2 protein chains.
Amino acid sequence: MTDSKRAGKRERLAGAAVRVLHEQGVEKTTLADIARAADVPVGNVYYYFKTKDQLVEAAIDAHARELESLVATLERLPAPQERLKALLRGWVEQRDLTARHGCPTGSLASELDKRGDGLDRAVAGVMARLLDWVAGQFAAMGRDDARELAVALLAAYQGAALLTNTFRDPALMETEGRRLERWIDTLA
Amino acid sequence: MTDSKRAGKRERLAGAAVRVLHEQGVEKTTLADIARAADVPVGNVYYYFKTKDQLVEAAIDAHARELESLVATLERLPAPQERLKALLRGWVEQRDLTARHGCPTGSLASELDKRGDGLDRAVAGVMARLLDWVAGQFAAMGRDDARELAVALLAAYQGAALLTNTFRDPALMETEGRRLERWIDTLA
DNA sequence: GTCTATAAATCGATAGAC
DNA sequence: GTCTATCGATTTATAGAC
């Protein structure tokens with residue numbers, strides 16, 4: 001089989017893993033679940049990934065690329081406060097999915113921390129890059145407490161996502177999103 | 001064996017479960033892990049709990065009682081804003097444990113959501129009672145947006161706990177705790 | 001390269017001796 | 001009531017046919 005086809009199957013597995021791991025969690029998800037979602041025979045998974053951990057790592061990488069692509073579209077907006085508010089609105093738009101399964105990045109970080117392997121460091125890297133970008137926006141707004149504000153914004157979202165998921169209440173994310181937009185306006 | 005002794009062993013198992021489930025997560029924790037921590041033979045666990053789920057539920061109840069006892073001590077403080085700030089300081093004091101394993105309630109809520117069983121509703125109840133109490137404090141401060149403020153405070157803490165855990169950085173919780181104390185002062 | 005069959009390990013749960 | 005031994009189901013991972 002050609003390299004392009006092999007890459008396609010690898011990516012299909014990684015992409016399906018992102019979705020299924022978000023829905024079911026890492027521990028509850030079997031390789032059979034991911035293989036089925038990717039329409040690949042179970043035993044064949046091991047040709048592309050030596051262990052389950054390597055497949056999870058590929059899913060983290062795929063998720064990181066999705067996040068980078070989102071940030072890239074935000075970069076097109078001229079003002080940093082508009083970029084941050086657009087990020088917020090994107091999170092609010094995902095409220096139904098968040099109510100069902102939580103924030104993909106946050107629940108992954110929480111779950112991978114409990115595993116002995118080093119996969120939690122990979123998610124921490126994804127989270128760190130997002131935090132850096134948010135801090136960069138606050139810095140562009142002339143704030144010298146940019147990092148602290150970035151932590152506050154990201155924490156507010158992560159916590160809101162957790163409560164939205166816990167109470168299965170998408171409206172909670174809407175209310176919190178509006179409040180955070182007003183907060184950003186006061187900082188400009 | 002007497003009822004009191006039996007109750008003692010049941011409680012020892014539930015108490016050990018609270019600790020071990022926080023450290024290792026629900027899925028990674030085996031009944032053997034909990035039995036060892038409680039100094040009870042593995043097979044004997046099933047005399048006290050018919051299934052693993054029932055043991056997890058007992059752990060949630062035990063955790064709920066710990067939280068209620070904490071809230072009861074806060075009730076002794078005269079002013080509602082002092083009660084909230086004391087709650088915050090308690091969270092900050094737990095920062096090292098949080099950096100290692102996250103917030104016990106939050107990580108439990110996140111993990112149990114991914115399981116098919118109904119245990120996530122039990123944690124949601126614990127979280128709801130805490131949220132109600134916080135909202136009650138804001139209401140006593142004369143705020144008619146008490147519920148929204150309570151969601152904001154609890155979400156800020158849950159998000160800060162998640163980031164503290166993800167980055168393994170207790171200082172993050174300290175900084176965020178100070179910021180939230182200042183925020184409460186502006187609302188009084 | 002692809003897939004089936006199965007080994008190997010883990011863990012929840014039960015049977016039954018004491 | 002307490003504990004050991006073990007079953008049965010699930011899941012990761014591998015061997016090997018095609």
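Each chain gets a letter, A, B and so on, in the order its sequence line appears, and its residues count up from 1. Just so it is clear, the model here is predicted, and its values are computed rather than measured.
Ranking C:dT2, D:dT2, C:dG12 by closeness to the A:Lys9 side chain, first place goes to C:dT2. For B:Thr51, the side-chain atoms get nearest to C:dA13 when compared with the rest of D:dT11, C:dA13, D:dT2.
If you find the closest nucleotide of DNA chain D to A:Lys28 and to A:Gly43, the one lying nearer the 5' end belongs to A:Lys28.
At whole-Å resolution of the value, OH in B:Tyr47 and C1' in D:dT2 are 9 Å apart. Across the protein-nucleic acid pair, B:Phe49 atom CZ and D:dC3 atom P stand 15 Å apart, rounded to whole Å. When rounded to the nearest whole Å, the span between CZ of B:Arg10 and P of D:dT2 equals 13 Å. Atoms OH (A:Tyr46) and P (C:dT4) sit 16 Å apart, rounded to a whole Å. Rounding to whole angstrom units, NZ of residue B:Lys52 and P of D:dG8 are separated by 22 Å. The interatomic distance linking A:Asn44 (CG) with C:dT2 (C1') rounds to 5 Å, in whole Å. Spacing between atom CD of B:Gln24 and atom P of C:dC11 amounts to 10 Å, rounded to whole angstrom units. At whole-Å resolution of the value, CG in B:Leu31 and C1' in C:dC11 are 8 Å apart.
Ion pairing between A:Glu68 and A:Arg65 fails under the 4.0 Å rule for side-chain N and carboxylate O. Looking at B:Asp120 and B:Lys114, no side-chain N of the basic residue comes within less than 4.0 Å of a carboxylate O on the acidic one, giving no salt bridge. Salt bridge absent: A:Asp33 and A:Lys28 never bring a charged side-chain N and a carboxylate O closer than 4.0 Å. The pair B:Asp169-B:Arg95 does not count as a salt bridge, with every side-chain nitrogen at least 4.0 angstrom from each carboxylate oxygen.
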